[in-house]
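Report on the structure given below.
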Amino acid sequence: MNELWSRPIESLAPDLRSGKLSPVDLTEAYLARIAAVDPLLDSFIHVSADAREAARTAEREIAAGRWRGPLHGIPVGVKDNYLTADMPTTAGSTAEGLAFPMRDAATVARLRAAGAVPIGKTRTHEFAWGNVTPPVHNPWDLSRVPSGSSGGSAAAVAGGLCAAGLGSDTGGSIRMPASACGLVGLKPTFGRVSRDGIVPHSWSLDHAGPLTRTVADTATLLQVLAGYDPTDPACQDQPVPDYAKSLGKSVKGMTIGVCRNHFFDGLQDDVARAPAAAIDDLAKAGARIVEFEIPLLAHGLGAIFAIELASSTAYHDESLRAGRVPQFQPDVRTLVEMGRLVTGADYLKAEQYRSVLMEAFSKVLATVDVIVGPTTPITAWKRGEWTVQVGDRPESVLAASWRFTYPYNLTGLPAISLPCGFDRDGLPIGLQIAGRPFDEPAVLRVAHAYERAHDWKDRRPTLTVE
């Protein structure tokens, strides 16, 4: 498979720089792919009218020797909760009376400065709530969801409609769609990437990050997105390392932690097998495996729900008072209104729990380099399905889908998801790797070493286009 739209950035960038490939031809290939395939996926809510001109500008700059880096001329999808100066932002909502500024989020501005071509806005579950991203279809099986809330970006990248996508992650909304759609999705350390210009969901839980086809592509995106921004009060003034230097290294001598409680409880059979095999592979490659438990994790769901519900309801206070919330989608309306039931004491107890949990992970990460386990306990579920069979019991998809991802939002630790196999229905399974604060290099190192030893990254969904 050598169609332009099927190639990762790490393959495209050298050809763009040398002039072998034109940014205009690449952008046209993606626009043609969007026109042909997005009627099946419904991943874009808006396609940029300026993409071709941005590609022509990139072509002129590259020809003149003004190479901006490996994203120069690369088409990228932007989640519809990121503000953009040249495209409308809806945050996935059709409620009347909402208006968002026509300006670039800090991350979008960084992409433009790197020469990337924002090709369109990808769909999000309304206000980045939810785990379904209606009406988007999963490219691996159109009868299934892409997960959420960054499901539009995930479906677009997996379907070959853009080279990479931006997502946001409050409880798992980059890593869950990455797992469901067979991609690499990174939630960086809290404070590593600016959230300025991203419609807030939960101020203390929100993270911005990329969805890509390969770990190397993720490192390329992170290199551009990372960095201090004083307009985001949570953004940390930390040095930005050269992430590419962490790639291509062996895991020999590294210590990998495996949390046997919580992260390995209640798995679908195929999901249980694939991450276990991945951990065995890392051990065979020379990593030392250390098992541990964090009993506190049993209480995490209540804590993150209290924080997320209260934060979201606070953000939507004006809409609540203006009577707009009844226009929200039923599931989002319910969640926003539920936030009114979270008391101050509930919120403080949740924050106290978060502090204790962060200390527990800190102690573990003092003895291991990274923590590895499954990204989600289930693969992509059927559209309209609200419970799934996990082992011998049914479980709510809302509870199951983010069970393994939200601990890293509570703790703010960097975490990546990448493919580690497929289930019996041909649906992708994700492997999650988390690390110490601001130690994305270690996370990328392990992810890249595992990825390069397997062919999961080379598999593509088959989409029949008439």
Side-chain angles (χ1 to χ4, degrees), residues 1-44 47-48 51-56 58-59 62 70-78 111 115-123 136-142 144 146 151-166 177-178 180-185 210-221 418-419 422 426-428 451-452 454-466:
M1 183 183 295
N2 56 9
E3 295 93 338
L4 289 178
W5 53 261
S6 72
R7 294 168 57 185
I9 296 170
E10 59 183 292
S11 164
L12 294 169
D15 285 352
L16 287 166
R17 185 176 191 179
S18 68
K20 182 178 179 181
L21 173 61
S22 160
V24 175
D25 291 343
L26 180 61
T27 299
E28 290 291 355
Y30 279 118
L31 289 172
R33 180 76 173 170
I34 291 170
V37 173
D38 209 38
L40 299 176
L41 300 181
D42 219 351
S43 62
F44 279 91
V47 177
S48 174
R52 289 183 173 88
E53 182 54 38
R56 287 191 286 267
E59 184 175 61
I62 294 170
L71 291 184
H72 206 168
I74 296 291
V76 177
V78 179
L111 285 179
V117 178
I119 199 167
K121 303 294 284 287
T122 56
R123 293 187 186 274
V136 186
H137 299 254
N138 190 313
W140 292 92
D141 181 343
L142 298 178
R144 297 178 186 265
S153 286
V157 177
L161 278 59
C162 52
L166 293 182
C181 295
L183 299 174
V184 179
L211 285 145
T212 70
R213 292 178 189 156
T214 69
V215 175
D217 286 4
T218 287
T220 295
L221 266 291
L418 71 157
F422 292 80
L427 300 170
E451 177 191 73
R452 295 297 141 154
H454 301 81
D455 69 348
W456 312 126
K457 71 182 186 306
D458 301 319
R459 301 194 186 188
R460 298 281 182 272
T462 301
L463 290 163
T464 303
V465 181
E466 293 183 4

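Values below: all heavy atoms of this structure, side chains included; hydrogens, waters and symmetry mates excluded. No experiment lies behind these values; they were computed from the predicted model shown.
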For [Y], does its backbone N or O pair with a side-chain atom of [X] as donor and acceptor, under 3.5 Å?
X      : Y      : result
Asp141 : Leu427 : no
Glu59  : Val24  : no
Arg460 : Ser6   : yes
Asp217 : Ile9   : yes
Trp140 : Cys181 : yes

What closest approach, in Å, do [X] and [Y] show between heavy atoms, and which atom pair accounts for it?
X      : Y      : result
Pro419 : Gly182 : CG-O, 3.4 Å
Ala51  : Val117 : O-CG1, 3.6 Å
Ala155 : Pro146 : CB-CB, 4.4 Å
Thr122 : Gly77  : CG2-CA, 4.2 Å
Ala35  : Pro39  : O-CD, 3.5 Å
Pro70  : Ala13  : O-CB, 3.5 Å

From [X] [atom1] over to [Y] [atom2], what is the distance, rounded to the nearest 0.5 angstrom?
X      : Y      : atom1 : atom2 : value
Thr212 : Glu10  : OG1   : CD    : 9.0 Å
Arg213 : Asp458 : CZ    : CG    : 11.5 Å
Asp15  : Leu26  : CG    : CG    : 10.0 Å
Leu12  : Ile74  : CG    : CD1   : 5.0 Å

Answer whether the closest heavy-atom distance between the side chains of [X] and [Y] falls below 4.5 Å.
X      : Y      : value
Pro177 : Leu183 : no
Leu40  : His137 : no
Leu166 : Leu111 : yes
Arg123 : Asp42  : yes
Leu41  : Leu142 : yes

Applying side-chain hydrogen bond (donor to acceptor under 3.5 Å, both in side chains), name anything that partners Ser11, two or more places apart in sequence or on another chain.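 Arg7.
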Mind checking side-chain hydrogen bond (donor to acceptor under 3.5 Å, both in side chains) for Asp38 and listing every partner two or more places apart, or none if nothing turns up?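 With neighbours one apart ignored, the set is Ser43.
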What I want to find out is whether Glu53 reaches Arg56 closely enough, with some N-O distance under 4.0 Å, to be called a salt bridge.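 Salt bridge flag = yes for Arg56 with Glu53.
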Salt bridge Arg52-Glu28, side-chain N to carboxylate O under 4.0 Å: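 Yes, this pair counts.
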Step by step, would you call Leu418 with Thr218 a side-chain contact (heavy atoms from CB on, under 4.5 Å)? CA-CA 11 Å; Leu418 71 157; Thr218 287; over 6 Å; no
Derivation and outcome, side-chain contact (heavy atoms from CB on, under 4.5 Å), residues Ile119 and Phe44: CA-CA 10 Å; Ile119 199 167; Phe44 279 91; 4.0 Å; yes
I would like to know whether Leu221 and Leu211 meet side-chain contact (heavy atoms from CB on, under 4.5 Å); could you show each step before the answer? CA-CA 9 Å; Leu221 266 291; Leu211 285 145; over 6 Å; no
Within the supplied structure, the quantity of interest is the number of heavy atoms (other residues, nucleotides, ligands) at a distance under 6.0 Å from Arg17 CZ; does it exceed 12?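 Open: at most 12 neighbouring heavy atoms sit under 6.0 Å from CZ of Arg17.
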Does the side-chain contact (heavy atoms from CB on, under 4.5 Å) test come out yes or no for Thr214 and Glu451, once each step is laid out? CA-CA 8 Å; Thr214 69; Glu451 177 191 73; 3.7 Å; yes
